[in-house]
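Each chain gets a letter, A, B and so on, in the order the sequences are listed, and its residues count up from 1. Just so it is clear, the values below take in all heavy atoms, side chains as well, and ignore hydrogens, waters and symmetry mates.
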Amino acid sequence: MSVSGRGLYDKIVDLAKRRGIFWVSFEIYGGVAGFYDFGPIGVLIKRNIMNQWLKYFVYSRENIIEVETPIVNPRVVFRASGHEEHFTDPVLVCSKCGRVYRADHLIKDVIGVNVEGWSPGEITKLVREKGLKCPECGGEFESAFNALLLFTTQIGPYKGETAYLKPEHAQGMFINFPHLFKIMRSTLPLGIAQVGRVARNEISPRQGLLRLREFNIMEVEFFFDPAEAEREVYEVIGEVEDEKVRVVTAEERIKGVEEPIEYTVKELIEKRIVKTPWLAYWMGIGNKYVKSMGIPGDKIRFLEKLTHERAHYSAQTFDQEVYTERFGWIEVAGYAYRTSYDVERHAELSGADFTVFKRFKEPVVVKEEKAYPNPGEISKIISGDKLKELLQSLYQRKPEEVARELREKGFVELAGIKLPSSCFYLKTEEVKLHGEKIYPHVVEPSFGLERLLYVILEYSYMEREDKVVLRLPPYLAPYHVAVFPLMTGKKPEHVKMVEVARSIYRNLVGRGFRALYDEEGSIGRRYARSDEIGIPFAVTVDHQTLDDNTVTVRDRDTTMQVRVKINELEKYLVEKIGLEFLI
RNA sequence: GCGGCGGUAGUCUAGCCUGGAUUAGGACGCCGGCCUGCCACGCCGGAGAUCCCGGGUUCAAAUCCCGGCCGCCGCACCA
């Protein structure tokens with residue numbers, strides 16, 4: 001088959017392997033599904049995608065900070081997050097044909113029993129009692145077990161504590177929220193970002209870079225006060241209020257509509273399409289970010305997840321999808337409204353204080369009923385050491401709580417003894433409240449780096465006269481500029497060209513450019529090689545250079561050349577590339 | 001995990017059906033040399049293949065059979 005006849009995906013995979021972008025890991029041992037190695041060009045492009053993300057989501061915002069937390073997490077972290085419960089599925093395997101079923105789904109469909117929360121042992125017992133067989137081949141089922149999609153390991157080389165590799169960064173930010181909140185002078189909203197590796201033990205990873213077992217996530221957990229969200233969003237919305245995003249709402253999807261409707265970020269908020277305005281804000285930022293990397297706006301859409309598609313922690317989720325030739329619409333980012341779910345779970349299991357003190361504009365005076373013990377009356381019911389003990393524990397309790405219990409039940413129960421209201425002095429006091437404690441809510445934009453890499457490659461891949469040109473935006477290119485001598489022979493002027501080209505190369509590198517020097521093969525071949533990995537500009541030292549200190553700068557996309565003075569080359573390139581590369 | 005299809009140098013591929021004379025052929029790329037006044041130039045030379053792995057059938061296996069690994073597609077799964 002000719003090169004142009006094959007699919008885009010195949011061409012990208014070939015290019016990626018040939019030029020050192022990515023390839024299947026552990027190749028010499030036959031490869032392992034779901035793992036990819038990234039080569040010299042791949043790591044550079046990935047880092048640029050990451051830098052671009054940091055610029056959009058972190059560096060240009062005063063209230064977003066970045067952290068790095070361990071990949072290995074003790075079990076309790078994912079017990080708190082609900083992953084241990086929800087990320088695991090009870091599974092039944094047919095002993096005859098080997099088919100795997102979700103036990104809860106199958107039992108509900110066939111027997112009509114809801115086994116949610118049952119142990120594998122209980123499920124196995126039910127399957128045996130009811131004689132449930134494999135619906136495909138009629139074979140017996142093996143004992144049910146929980147298939148956990150978290151990678152499991154141990155902390156400590158022997159007899160270690162069970163631990164999991166994190167499947168997302170989120171918990172690292174939640175756990176550190178109380179500490180970081182103080183560092184950031186106790187101010188909301190506060191965004192905590194993290195970029196790096198996570199691992200998911202996928203049952204059957206497939207589709208190249210799109211479903212990996214180890215990959216990079218770029219994620220922000222954005223903590224805010226839901227009551228102030230609308231006001232605070234409007235303080236910063238200028239940047240994105242008119243940004244147009246294409247959305248398919250859950251309501252539309254239920255009706256069978258897949259065609260997105262275009263809204264501005266402001267409209268998403270005003271029409272109450274989003275359950276918190278911050279969701280719309282971050283969708284706007286994410287839309288701009290993805291467009292900045294060469295993805296056309298009309299190839300991006302946000303798909304609201306239906307209730308049953310959403311993760312356990314989410315009140316509303318939008319997937320940001322990009323249209324690909326090979327796989328259709330694929331998710332590159334998720335925007336989840338996690339409410340205070342995680343924060344409250346970690347508060348509960350750790351005992352740490354995750355609340356935020358919210359100061360009122362004016363102190364509020366509230367009347368509060370309080371009940372103080374009346375030892376004289378109590379001694380009529382009980383005496384001696386028992387009285388002493390009782391009084392001690394009574395003094396431990398807050399008078400307003402005691403009053404409430406009296407109000408609700410008519411008595412206070414302590415160590416089996418019921419104390420009527422006659423045992424208390426009841427008082428109504430005025431209390432000045434300066435604020436209240438609230439749990440912050442969280443919105444989470446979360447990007448898959450490798451998926452972005454793939455869609456960016458798809459949209460930048462072009463062929464010109466059977467040659468590959470990777471039209472990467474200049475700031476994503478692995479190198480900003482290539483430097484070539486026109487001739488590399490033995491004639492004195494050829495030797496001089498090499499010398500000048502090398503010195504230009506060294507100067508550019510010294511000034512912070514990523515530059516590539518190449519003198520192998522013909523000039524045309526060198527242009528072709530640099531086009532293939534997306535280098536946007538090529539500087540050539542030719543005969544005229546030796547006369548007047550000018551070089552030609554060739555544009556990758558137009559192949560047009562302009563002549564530039566060597567001492568103005570840096571300025572010229574900075575103008576062309578933009579300042580993005582200086583991150 | 002199940003089923004279907006596939007796996008030959010860095011890449012793309014011929015050969016497989018119909019087992020043997022092909023030293024596993026070609027193109028591109030790569031390396032060395034010559035040449036070369038701007039878009040994969042030309043010439044000469046060179047390196048590069050566990051024919052995915054293991055087993056079986058056979059006098060003989062890249063080729064046929066079985067198992068495994070990997071990839072793609074469909075199903076299941078994707079918190």
Every protein N/O lying under 3.5 Å from an N/O of nucleotides 68-72 of chain B:
unit_1, atom_1, unit_2, atom_2, d
B:rC70, O4', A:Gly30, O, 3.2
B:rC72, OP1, A:Gln207, N, 2.8
B:rC72, OP1, A:Gly208, N, 2.8
B:rC72, O3', A:Arg326, NH2, 2.8

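- Minimum heavy-atom separation, A:Phe78 to A:Lys166: CZ-CA, 3.6 Å.
- Comparing the same atom, P, in B:rG1 and in B:rA61 gives a spacing of 31 Å after rounding to whole Å.
- Ion pairing of A:Glu84 with A:Arg75 is present here, as a side-chain N (NZ or NE/NH1/NH2) and a carboxylate O approach within less than 4.0 Å.
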Take A:Arg200 and A:Glu168, measure what salt bridge (charged side-chain N to carboxylate O under 4.0 Å, His left out) needs, and give me the verdict at the end. CA-CA 9 Å; A:Arg200 301 179 185 189; A:Glu168 57 170 14; 5.5 Å; no

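- Nucleotide B:rC12 holds its P atom 14 Å from the CD1 atom of A:Ile12, rounded to whole Å.
- Judged by atom type and distance alone, A:Asp14 does not reach the base of B:rC12 through any side-chain donor-acceptor pair under 3.5 Å.
- When both pairing distances are held under 3.5 Å, B:rA24 makes no Watson-Crick or G-U pair with any nucleotide shown.
- Between B:rG7 and B:rC12, the two C1' atoms lie 14 Å apart (nearest whole Å).
- Annotation: B:rU58 and B:rG15 have their P atoms spaced 29 Å apart (nearest Å).
- Ring orientation note: the planes of A:His346 and A:Phe354 are close to parallel, at an angle under 30° on the 30°/60° scale.
- The nearest whole Å value for the distance from the CG atom in A:Asp547 to the P atom in B:rG37 is 16 Å.
- For the pair A:Glu519 CD and B:rC35 P, the interatomic distance rounds to 15 Å; values are reported in whole Å.
- Residues A:His543 and A:Leu486 approach most closely at ND1-CD2, 4.1 Å, considering heavy atoms.
- Searching all strands for a Watson-Crick or G-U wobble partner of B:rC30 with both distances below 3.5 Å returns B:rG46.
- A close approach under 4.0 Å does not occur between any side-chain nitrogen or oxygen of A:Lys17 and OP1 or OP2 of B:rG10.
- On the C1' atoms, B:rU63 is 34 Å away from B:rG45, given to the nearest whole Å.
- Across all strands shown, B:rG1 forms a Watson-Crick or G-U wobble pair, both distances under 3.5 Å, with B:rC75.
- On the C1' atoms, B:rU57 is 30 Å away from B:rA9, given to the nearest whole Å.
- In this structure, of B:rG37, B:rU36, B:rU11, it is B:rG37 that holds the atom nearest to the side chain of A:His543.
- The phosphate of B:rC34 has OP1 or OP2 within less than 4.0 Å of a side-chain N or O from A:Lys490.
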Is there any protein nitrogen or oxygen under 3.5 Å from a nitrogen or oxygen in nucleotides 77-79 of chain B, and what are the pairs?
unit_1, atom_1, unit_2, atom_2, d
B:rC77, O2, A:Arg211, NH2, 3.1
B:rC78, OP1, A:Asp89, OD2, 3.4
B:rC78, OP1, A:Arg102, NH1, 2.8
B:rA79, O2', A:His312, ND1, 2.8
B:rA79, N6, A:Arg200, NE, 2.9
B:rA79, N6, A:Arg200, NH1, 2.5
B:rA79, N6, A:Arg200, NH2, 2.6

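- Under the salt bridge (Lys or Arg N to Asp or Glu O under 4.0 Å) criterion, A:Glu499 pairs with A:Lys496, not counting sequence neighbours.
- The nucleotide B:rG67 finds its pairing partner in B:rC53, both defining distances of the Watson-Crick or G-U wobble pair being shorter than 3.5 Å.
- A salt bridge does not link A:Glu304 with A:Arg253: none of the charged nitrogens is closer than 4.0 Å to a carboxylate oxygen.
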Could you please spell out the steps behind the side chain to side chain contact (heavy atoms under 4.5 Å, CB included) verdict for A:Asn201 and A:Leu148? CA-CA 8 Å; A:Asn201 211 351; A:Leu148 185 63; over 6 Å; no

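- Residues that satisfy the side chain to side chain contact (heavy atoms under 4.5 Å, CB included) test with A:Val495, not counting sequence neighbours, are absent from this structure.
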Stepwise, does the side chain to side chain contact (heavy atoms under 4.5 Å, CB included) test hold for A:Arg301 with A:Glu258? CA-CA 10 Å; A:Arg301 70 176 188 188; A:Glu258 288 285 312; 3.9 Å; yes

Nucleotide-resolved protein contact map, nucleotides 39-45 of chain B, B/S/- at heavy-atom distance under 4.0 Å: BBB----

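- Each salt bridge (charged side-chain N to carboxylate O under 4.0 Å, His left out) pair with one or both residues in residues 482-495 of chain A, not counting sequence neighbours, would appear here, but there are none.
- Ring orientation note: the planes of A:Phe35 and A:Phe151 are tilted relative to one another, at an angle of 30° to 60°.
- One can place CD of A:Glu493 at 12 Å from C1' of B:rU36, the figure rounded to the nearest angstrom.
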